[in-house]
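A short write-up of the structure that comes next.
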Amino acid sequence: MLSTRISYLSQDTLEIMRERVFELLENHGVKMDHAEVVKILEKAGAKVDSDSQMVRFPKNFLEEQFRKAPKSFSLVGRNGKQKLGLPREDGTFHTRTNTGAQSWIEPETGVYRRVRVPDIAIWARLSDRLGEIGFCAFPVPSDVPDATADVYALRAMLQNTEKHVWVQPYTEGSVEYLVKLSIAAAGGEEALKSKPLVSFITCSLTPLEFKRMDLEIILQASRHGIPLHACSLPSAGTTGPVSEPGIALLCVAEILAMLATAQVIEPGTQIVATPLIFSTDMSTGRSLQSSVESLRSNALAVQFVKAAFGIPTHTYGIGADSPAMDGQCMSEGALRGMLIGVSGADILGAAGQIEVATTISPVQLTIDNEVFGMVRRIITGMNFDDETMAWEDLMNVKPGGEFLTTDHTYRHCRDGLPPINFVRSTRESWEQGGQTDLVGRATQFCRNLLEKAKPVEMPEDVIKEMDCIVRAADDRLI
Amino acid sequence: MPDFSLLAVTETLISGEEKELIELVKNTLDQGIPAKKILDEGLIHGMDIVGERMETGEMFIPEVLRCAKVMSAAVEILKPFLGEKDISATGRVVIGTVKGDLHDIGKNLVIMMLESAGFEVHDLGVDVPPDTFVSAIKEKDADVLALSALLTTTTNMMKATIDAVKESALRDRVKIMVGGAPVKQEFADKIGADGYAPDAGSAVKLAKTLVR
């Protein structure tokens, strides 16, 4: 583990930010559009104004809730095959694929179009086979009814990956069915509670407001023992302050309000603080994921939550604003991965996404998988002993000698990170190999992986049960 | 049916385990298997596989060099049982970095790789003038002349060296290969070399082709 992480905060500024968060939540408060949740909070000690639906959180009340929130836990995959410890034991991070994209770049043809359910199966299978991808989320399918698109998407995910799945509900009505699908795939309510194979995202409606749907997610997920990614997505200068400390303050305050709510509903609910801060292109009003300001704000929010509250953190750790898989796209992804990685985030999300999270590409996911591996290796700490210092070799080498034939080099010559689709060949051999660029090589790699990829093993009765849940959701929600 | 003793020799050579290989070679000799057969079908066969694996990237240079080292140790065990003809080199190479250039890391790597492939290599060092190369070709009865350069400014000296070889009337009896960071196939063709190798692994392959 690195002995130091990058931080924009000093001890003094950390204390100021911490106090301001408490002050914001205690004196200003948040609006919550969910009578049951508000009632539960009031009973537990929050200050509620029923007319305005404003909830204020006294500092001692908040501190009590923080104490209940687990500082470490694991996200698990189906069949107990995967356990993602938070924080990760080696001091690095886990990774996640994009959530919520609407568009898809076909790996076979490169054609750009809307996402369909069969694409989600491909997405899940590919994620399942990429070693650096920790868990996966789903995009928005366009070939099923809008009201149940998330239900169809989760069903497709569960049948095609054994990795942990991040669930983003699109409507309040579908939350129930997404929980039911999770229970079915886990093998019952108790099984889901003890080893939750899914985690849900709940979001604020910035600034300082919470929709009924998101509070319903907190309510249901907490009661079912499902981990929650408490997410705030402000845009600088529009739904949040334009300045970096200001927007990070707002974002973290909203996250803490969600954390406190979940702890009141079910003490010990596993919360991952998930700041997803955007900057705004002031010439067009467009939200940006990969601008320098967005990177700095998210890094700051991660550093703040980790240092001040010690709960696991999760933010975009890759991805691009570029609409194409071009040089800008790769540069943005790598810059983001490095900054967020050294900031100490526990989960680096957004793998496979471009165009500000609206488009995904299996080929880009393949490339991001490799970049994540590099970032992980870069931020991994070093041991300092005679072996790593090659002390014997250094003391024995003749001036002008070589290290190529030493036992030490032989022992460690495979320590380097092997490339997957990156090449280090000469121009001539690259030309002889067909002059493919990274996208071309990753496309071929992706096709090879997908060619052999089948759905994961799942009992027939579970598949039937999931189909029944999807039908029931259609009947009620359409 | 494969001879399992020789198969084991091959596999142990590839694993780079010196002690085990020596033990195994001794045992195989004790079983009455001829030294020449152990050399050809066990050790040299093993080095051929190592070469192939290096080419595909399965084996790394330090591993290849380790195999070459354990091979040499094993050959020492076999030598008393081999005739002089049995241990002749794959070919004789005279190698050096051309005049004006003092870089030798790449050249040294090529030497190690050539030696591991069974070549007899005569290293003239760095900053070698054309005449010295010419003399060494004669003296060592070289099959191959290997010229190295790292600096763009010294690649012209490769041409000067080749011209000197031509003038000395040795050109027909020696193959010339060139390599180094600024060297490309096009340049090799232009100056009249017989071959160009972009890296040490390719250099061995090229040298084998040239002496065939």
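Each chain gets a letter, A, B and so on, in the order the sequences are listed, and its residues count up from 1. Remember, predicted model here, so these are calculated numbers, not experimental data.
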Point to revise | A:Q435 atom CD, neighbour heavy-atom count above 12 within 6.0 Å | key: yes
Review point. How long is the gap from CD on A:Q432 to CD on B:Q185, to the nearest 0.5 Å?
Key: 8.5 Å
Exercise for review: Evaluate whether atom CD of B:E186 has more than 12 neighbouring non-hydrogen atoms of other residues, nucleotides or ligands under 6.0 angstrom away.
Suggested key: no
Revision key, fill the gap. dist B:I105:CD1 -> A:F403:CZ (nearest 0.5 Å) comes out at 10.5 Å
Review point. Going from SG on A:C413 to CD1 on B:I61, what distance comes out if it is rounded to the nearest 0.5 angstrom?
Key: 9.5 Å
**Study point:** Whether over 12 other heavy atoms sit under 6.0 Å from B:K184 NZ
**Key:** yes
Point to revise | Candidate pair A:L404 and B:L65, rule side chain to side chain contact (heavy atoms under 4.5 Å, CB included), full reasoning | key: CA-CA 8 Å; A:L404 197 57; B:L65 295 175; 3.6 Å; yes
**Study point:** Nearest heavy-atom neighbours spanning B:E63 and A:R414
**Key:** OE2-NE, 2.6 Å
**Study point:** More than 12 heavy atoms from other groups under 6.0 Å of CD on A:E106
**Key:** yes
Review point. What do you reckon, is NZ of B:K159 surrounded by more than 12 foreign heavy atoms closer than 6.0 Å?
Key: no
**Study point:** Top contributor to chain B contacts, counting heavy-atom pairs under 4.5 Å, from A:T405, A:T409, A:T406, A:D407
**Key:** A:D407
